[in-house]
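Heads up, the thing below is written out as structure tokens.
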Amino acid sequence: MALHSFSLIALLLWARTCLAANLDDWKAKSIYQVVTDRFALPSDNGAPCDTAMRRYCGGSWEGVIQKLDYIQGMGFDAVWISPVVSNVEGQSAYGEAYHGYWPQDLNTVNKHFGSSDDLKRLSSALHARGMYLMVDIVVNHMGPNTSAAQDFTSSSAFASYQPAPLSSASSYHNFHFVSGTSYSSTTPNQTDIEQGWLGDTSAPLPDVNTENPEVVTLMNTWIKNLVTEYGVDGLRIDTAKHVRKDFWPDFVASAGVFSMGEVLSDDVGYASPYTSVMDSILDYPTYFALFSAFSSGAGKGNLSALAAATSASQREYKHGAVALGSFLENQDQPRLQSKTQDMALVMNAIAWTFVNDGIPIVYYGQEQGYTGSNDPDNREALWLSGYTTDKPLVKHITSLNRARKAAMSANKDFLTTPVTFITPNTNMLAVSKPPLLTLLTNAGSSTQEVSWTLPGNAFAGGDGSDLIDALTCAKVNVVKTSSGGFSIRAKAGMPQVLMPASNSNVCQGQQNSSPSQNTSHRWTMPLAFGLIACLYSYI
Ligand SMILES: *[C@@H]1O[C@H](CO)[C@@H](O)[C@H](O)[C@H]1NC(C)=O
Ligand SMILES: *[C@@H]1O[C@H](CO)[C@@H](O)[C@H](O)[C@H]1NC(C)=O
Ligand SMILES: *[C@@H]1O[C@H](CO)[C@@H](O)[C@H](O)[C@H]1NC(C)=O
Ligand SMILES: *[C@@H]1O[C@H](CO)[C@@H](O)[C@H](O)[C@H]1NC(C)=O
């Protein structure tokens, strides 16, 4: 009897581990990123939200639950939410902690976003749709003491501040800010980056002493409990480069789920070692090349540099460029439309994030054409958009998600086949990831026509005669050239995502794409198969 129930418990525990989402599971996902406070109100009364004030505007986890149809309707199957733990209260020199990156108590949830039960309901609501929950976490630092610019050199500082559970001075590095030159130097002072404090004298961020074994144990236990309690499927790890690299392997093993770190750098060489200590990183080096390629105005950016950044990450990262977080916007960077509102440039840039090797990430508001520049302007309230789905970028993003899914089902190796580039130049880039061939240009919408000349083997396994553009669902006019290649034209600088009409259903049901309200079956079947597979391997 005792043995029997012990085996049952062991089996259940094992099945839970087995079901935890890993790198392979996440490769196939498409992520929608929200700043919880700004994405959706629990009861949408159209409350104003002035981003310049840097205050809580009222978004919550219940708000996210109510808008899952909106997110899933665009084809996303994972949601990344901003940090969930309790943050410092009150006004600092930089406003309130509405963004979540100023932890104060790791063991309770931020009441501004709802209760612990609300967060569990969000997790369940996502899982009921076969979607994943990614939670943003901060290990590197705690929030500033908003009551006063405190003297952190005194040992009593932390006793009065009382961040929980790290309330003693030995839980923190000695107070000194990371020096500006530690970043800018050609050989960054990594010790300073890891052990110095972020923030400034108005809002110093106590830097957690992740060299202290007690802190390490505490953090590893904390993350394990957080993941288990809330059914978290993946982590986005804030300021990962500010913590020693060899802290991460045990931490992510304790978490037991997929991890994607923020390593802010434009240098593939600098970012590369982090791909060995966690599953994935946000693809910042390519982001800088992408943003520059399309934000500088028609014909001005450099698409070769985008190809070069990707080729470098394919060579240097542990898993190549596969499963990197591929993004164009986020809560820390100016939105593309703060630099250009040329729709052709915007659509090309967004298309890239879906057709390269990484996991696509769309930052909320991008689909509504938001134009906010630097923090805090880029954290607009989405309820002010009305969540309208009849918008060009909503449709564009929906088509891109659909094209990627169709490519996955047409080619079982799609996700692991590295992209190759066909004769890239500064203004044009053909991205091949069979069965997709994506044609990007930064010529801009006022350019009447752009013409690609492609070699005879451009369309893997086909002669190009039955291609459609997954973005418009129009048949593509491919002209054979005398030299045995192909020529394709694009109007008004628009991107094209080509794929054989014969092996895709990418354009079926295009007209009526509202998601089913009743999607539990989408989850039940994979869950059942997953469990059977787990049990089978257990036996
Ligand atoms: C912050 O600092 C002030 C002044 O030193 C202190 O009174 C207060 O308790 C500290 N803690 C918090 C959480 O504000
Ligand atoms: C790097 O930073 C650490 C910590 O701030 C400091 O002690 C050390 O002197 C710095 N090294 C160099 C070469 O500047
Ligand atoms: C564009 O980027 C490529 C690859 O990095 C580089 O070789 C080339 O010089 C750049 N062209 C311009 C005009 O900056
Ligand atoms: C969901 O599906 C179940 C079983 O097919 C059905 O009984 C139920 O009425 C459906 N609910 C909705 C909201 O459509």
Side-chain angles (χ1 to χ4, degrees), residues 140-141 152-153 169-201 204-212 215 239-247 263-273 283-317 320-321 324 326 339-340 345 348-349 352 356-357 418-432 438-444 447 450 452 493:
N140 174 65
H141 57 265
F152 283 103
T153 54
S170 64
S171 298
Y172 299 90
H173 291 123
N174 290 333
F175 173 60
H176 81 272
F177 289 115
V178 179
S179 130
T181 53
S182 292
Y183 300 114
S184 53
S185 150
T186 45
T187 50
N189 182 340
Q190 191 58 29
T191 308
D192 199 36
I193 290 172
E194 290 167 8
Q195 301 187 8
W197 289 32
L198 296 177
D200 59 24
T201 47
L205 305 180
D207 200 71
V208 175
N209 183 355
T210 38
E211 283 74 17
N212 177 335
V215 172
T239 43
K241 74 172 188 187
H242 293 280
V243 173
R244 66 186 168 96
K245 293 182 188 75
D246 52 6
F247 169 84
V263 180
L264 178 58
S265 172
D266 61 2
D267 180 353
V268 169
Y270 180 84
S272 177
D283 193 3
Y284 255 112
T286 306
Y287 156 79
F288 286 111
L290 172 67
F291 199 80
S292 159
F294 293 105
S295 64
S296 324
K300 297 212 178 96
N302 185 353
L303 294 186
S304 289
L306 177 58
T310 296
S311 302
S313 43
Q314 288 174 335
R315 275 195 312 272
E316 296 192 31
Y317 292 167
L324 294 176
S326 172
K339 307 287 181 201
T340 178
L345 295 179
N348 274 273
W352 163 264
N356 70 81
D357 293 340
V419 294
T420 54
F421 302 105
I422 304 174
T423 58
N425 65 39
T426 50
N427 303 128
M428 293 166 77
L429 184 63
V431 184
S432 173
T438 302
L439 305 180
L440 302 176
T441 174
N442 64 5
T447 306
V450 183
W452 270 267

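Only a predicted model underlies this, so the values are computations on that prediction, with no experimental measurement involved. Counting starts at 1 for both ligands and their atoms, following the listed order.
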> Hey, is Gln190 one of the residues with a heavy atom under 4.0 angstrom from ligand 2?
Replying inline: no
> What class does the angle between the rings of Phe291 and Tyr287 fall in, given that below 30° is parallel, 30 to 60° is tilted and above 60° is perpendicular?
Replying inline: tilted
> Should you measure from each heavy atom of Asn302, which atoms of ligand 3 turn up under 4.0 Å away?
Replying inline: 1 (C), 2 (O), 3 (C), 8 (C), 10 (C), 11 (N), 12 (C), 14 (O)
> Got a donor-acceptor contact below 3.5 angstrom from the Ser313 side chain to the Thr310 backbone?
Replying inline: yes
> In the protein, what heavy atom is nearest to atom 10 (C) of ligand 2, and what distance, to one decimal place, separates them?
Replying inline: Asn189 ND2, 2.4 Å
> For atom 7 (O) of ligand 3, is the nearest protein heavy atom under 4.0 Å away?
Replying inline: no
>> To check your reading of the model: name the closest protein heavy atom to atom 13 (C) of ligand 3, its residue, and the distance in Å.
In response: Thr426 CG2, 4.0 Å
>> List ligand 2 atoms under 4.0 Å from His176, heavy atoms only on the residue side.
In response: 5 (O)
> Quick one: does Asp192's side chain have a donor or acceptor within less than 3.5 Å of a partner on Ser179's backbone?
Replying inline: yes
> Counting heavy atoms only, which of Thr191, Asp192, Thr187 is nearest atom 5 (O) of ligand 2?
Replying inline: Asp192
> Does atom 2 (O) of ligand 3 have any protein heavy atom closer than 4.0 Å?
Replying inline: yes
> Has Asn174 got more than 12 heavy atoms of other residues, nucleotides or ligands less than 6.0 Å from its CG?
Replying inline: no
> Considering only heavy atoms from C-beta outward, does the side chain of His173 approach that of Trp197 to under 4.5 Å?
Replying inline: yes
> For the side chain of Asn442 and the backbone of Phe294, is there at least one donor-acceptor N/O pair under 3.5 Å apart?
Replying inline: no
